[in-house]
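Take a look at the structure below.
Quick note on labels: first sequence line is chain A, next is B, and so on, each numbered from 1. Note that this is a predicted model, so its numbers are computed, not measured.
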Protein chains: 2
Amino acid sequence: MIRLLLADDQALVRGALAALLDLESDLEVVAQVGRGDEVVEAARASEAEVCLLDIEMPGLNGIDAAAALRRELPGVRSLIVTTFGRPGYVRRAIEAGASGFVVKDTPSRQLADAVRRVHNGLRVIDPDLAAESLIDGPSPLTGRERELLTYALDGSPVAAIAARVHLSEGTVRNHLSAAIGKTGATTRSEAARIAQDRGWL
Amino acid sequence: MIRLLLADDQALVRGALAALLDLESDLEVVAQVGRGDEVVEAARASEAEVCLLDIEMPGLNGIDAAAALRRELPGVRSLIVTTFGRPGYVRRAIEAGASGFVVKDTPSRQLADAVRRVHNGLRVIDPDLAAESLIDGPSPLTGRERELLTYALDGSPVAAIAARVHLSEGTVRNHLSAAIGKTGATTRSEAARIAQDRGWL
DNA sequence: ACCTCGCCGTGACACCTGTCATCGCACTAC
DNA sequence: GTAGTGCGATGACAGGTGTCACGGCGAGGT
C-alpha cells in the first residue's frame with residue numbers, strides 16, 4: 001500500500017484526484033492540503049511516501065515545496081503534477097529534488113503508474129518536456145532581471161516598478177532592456193510573458 | 001440515474017472528475033470530451049442530461065458550447081465548472097443558457113449536489129460571484145476595443161497590432177486609449193490584464 | 001593582483017505611446 | 001430629421017520607453 005499526499009489549491013481537483021487514485025487497490029490517499037506551506041507538516045503527520053504537488057499554490061509553490069520535502073523528509077518522494085509544461089519548470093523541479101513531472105493533460109490511466117514508478121525510485125518525466133528543457137537551457141536571467149520582470153507582468157509603467165523596488169527609473173530600464181534582449185522581445189511586457197511561458201519566473 | 005457529459009481539456013482532471021462523480025450511486029458519466037466543439041455531438045450520441053463544461057477549451061469555449069447546447073439540444077442542462085471565477089464569465093454563462101456556475105475550488109463534496117440541482121431544473125451559482133457580477137455590471141467595451149485588447153495581451157507594440165488588424169496606428173491608439181480609460185488602467189497591457197480578469201475578453 | 005560578472009546609477013537620444021481635438025461615415029432610435 | 005453611438009482616420013503634443021555609453025562598487029574565480 002503506497003501512502004499518498006495530494007497538494008493542489010483547487011479543492012475540486014484535489015478531491016477528484018483522490019477519488020481517482022483511491023480506485024487503485026495498492027494506493028491510499030492519506031492527506032490532502034491546499035497550500036504549499038502545509039505540505040511538509042502534513043507529510044510528516046500522515047507518514048506519506050509519495051507527494052503529488054501542483055506548482056501554482058498559495059504560500060509556497062510546488063517546486064519549493066519539493067525542495068523543502070527533500071530537506072526535511074528525505075525519504076519522501078515527490079511528483080509534480082501541473083497544468084503548465086514549461087521547460088524551466090521541469091529543470092527547476094528536478095534540481096529541487098522532485099522524482100517526477102507530469103502535466104495535467106496526460107491520460108488519467110497513467111497517473112497511478114507514474115506514482116508507482118516514483119515510489120520504486122524511478123524518475124518519471126514527460127519525454128517531450130525533457131527534450132524541450134534541454135534545448136532551451138537554463139534561465140539566462142539574473143536575479144534582478146527576474147524580479148523586475150515579475151513586476152512588469154501586469155503592465156505597470158517603469159516608474160511604478162522603480163518605486164516598488166526602491167531603484168532609479170534608469171536602472172530599472174537598463175535591467176528590463178537586458179531582459180528584453182535575452183528573451184528576444186521588443187517590449188518589457190512581451191519579455192515578461194515570454195519569460196513566464198518558459199518558466200523563468 | 002442522471003447521465004453526465006464531462007468537457008475539460010485536461011485529461012487528468014477529466015478522468016479524476018469522472019472517478020469522483022461515478023462514486024455517487026445516482027450519477028453516471030456517459031461521455032467525456034476534451035474540446036468544446038465536440039460537446040453537442042457527444043451529448044446527442046450519449047443522450048446526456050447534464051453537461052459539465054470547463055471554459056478554457058480548444059475549438060470552442062465552454063460558454064459558447066453552452067449556447068450551442070441550448071440551441072441544438074434544449075432539453076440538456078449545462079453546468080460551467082471552471083478555474084476562474086471572473087464576474088464577466090458568470091454573466092455571459094447565464095446569458096448563454098447555462099444552468100449553473102461553479103469554480104474549481106469549491107469542496108468536491110458539493111459537486112454532486114450541484115449536478116442534482118441542475119438536473120432538477122434549479123440554478124446553481126456561487127453567491128459571491130453572483131454578487132460580484134452584479135455590482136460589476138456588463139462589459140463597457142465596444143467590439144473593437146475588446147478585439148484590440150486581446151491582441152495587446154501579450155505586450156505587442158501598437159504597430160504590430162495595427163498591422164494585424166489592418167488599421168492605422170492612430171486608430172489603434174485611440175481605441176486602446178478608450179479601453180485604458182474604461183478599465184482605469186494607465187497602460188494598454190495593464191488594461192488588457194484587467195479586462196481579462198473581469199472576463200471581458 | 002587581475003578579470004569577470006552582477007548590480008546600481010547617470011545622461012542623452014530616438015522612438016513609441018497615451019491623450020485630445022476634430023473630422024467623416026454608417027447605423028439606430030426617437 | 002435629429003441625436004446618439006460605434007468605427008476609422010489625422011495631426012499634434014507631452015511624457016513614457018528602449019537603447020547605448022559610461023562610471024563605480026563588491027564578490028568570486030584564476
Problem - A/Arg144 side-chain N/O to C/dG6 phosphate OP1/OP2 under 4.0 Å - result: no

Fill in the blank from the handout: In whole angstroms, the gap separating C1' of D/dG8 from NE2 of B/His175 amounts to 6 Å

Fill in the blank from the handout: Here the distance between atom P of D/dA9 and atom NE2 of B/His166, to the nearest Å, is 12 Å

Problem - Short side-chain N/O contact from B/Thr171 to OP1 or OP2 of D/dA9, under 4.0 Å - result: yes

Exercise for the section: Say whether, by atom type as modelled, one donor and one acceptor occur between the side chain of B/Glu145 and the main chain of B/Leu141 under 3.5 angstrom. Expected result: no

Fill in the blank from the handout: Rounded to whole Å, the CG-P distance (B/Leu167 to D/dC7) equals 11 Å

Practice task
Report yes or no: does B/Arg14 contribute a side-chain atom to a donor-acceptor pair with the main-chain N or O of B/Asp8 at less than 3.5 Å?
Solution key: yes

Exercise for the section: Please indicate whether A/Arg109 has more than 12 foreign heavy atoms, meaning atoms of other residues, nucleotides or ligands, lying under 6.0 Å from its CZ. Expected result: no

Practice task
Indicate yes or no for a side-chain donor-acceptor contact from A/Ser156 to the backbone of A/Ala152 under 3.5 Å, with no hydrogens or angles considered.
Solution key: no

Practice task
Find the distance B/Arg188:CZ to D/dG16:P and express it as a whole number of Å.
Solution key: 15 Å

Exercise for the section: Go along nucleotides 19-27 of chain C 5' to 3' and tag each nucleotide: B for a protein heavy atom under 4.0 Å from its base, S when only backbone or sugar atoms are that close, - otherwise. Expected result: BB-------

Exercise for the section: Report the distance from atom CG of B/Asn61 to atom CG of B/Asp9, rounding to the nearest 0.5 Å. Expected result: 11.5 Å

Handout entry: Member of B/Leu5, B/Val76, B/Ile2 meeting the side chain to side chain contact (heavy atoms under 4.5 Å, CB included) criterion with B/Val50
Key = B/Ile2

Practice task
Verify the contact: side-chain N or O of A/Thr142 to OP1 or OP2 of C/dC7, cut-off strictly under 4.0 Å; return yes or no.
Solution key: yes

Exercise for the section: Report, as yes or no, whether the 6.0 Å neighbourhood of atom CD on A/Glu95 holds more than 12 heavy atoms from other residues, nucleotides or ligands. Expected result: yes

Problem - A/Glu145 CD - C/dC8 P separation (whole Å) - result: 11 Å

Practice task
State whether the number of non-hydrogen atoms from other residues, nucleotides or ligands found under 6.0 Å of B/Arg116 atom CZ is greater than 12.
Solution key: yes

Practice task
Please assess A/Asp154 against B/Glu190 for the test side-chain contact (heavy atoms from CB on, under 4.5 Å), listing each intermediate value before the final yes or no.
Solution key: CA-CA 5 Å; A/Asp154 60 0; B/Glu190 194 186 349; 5.5 Å; no

Handout entry: Interatomic distance where CD belongs to A/Glu169 and P belongs to D/dG16 [whole Å]
Key = 7 Å

Exercise for the section: Return the residues of residues 147-157 of chain B meeting this criterion: a heavy atom under 4.0 Å from some atom of DNA chain C. Order them by number, or give none. Expected result: B/Pro157

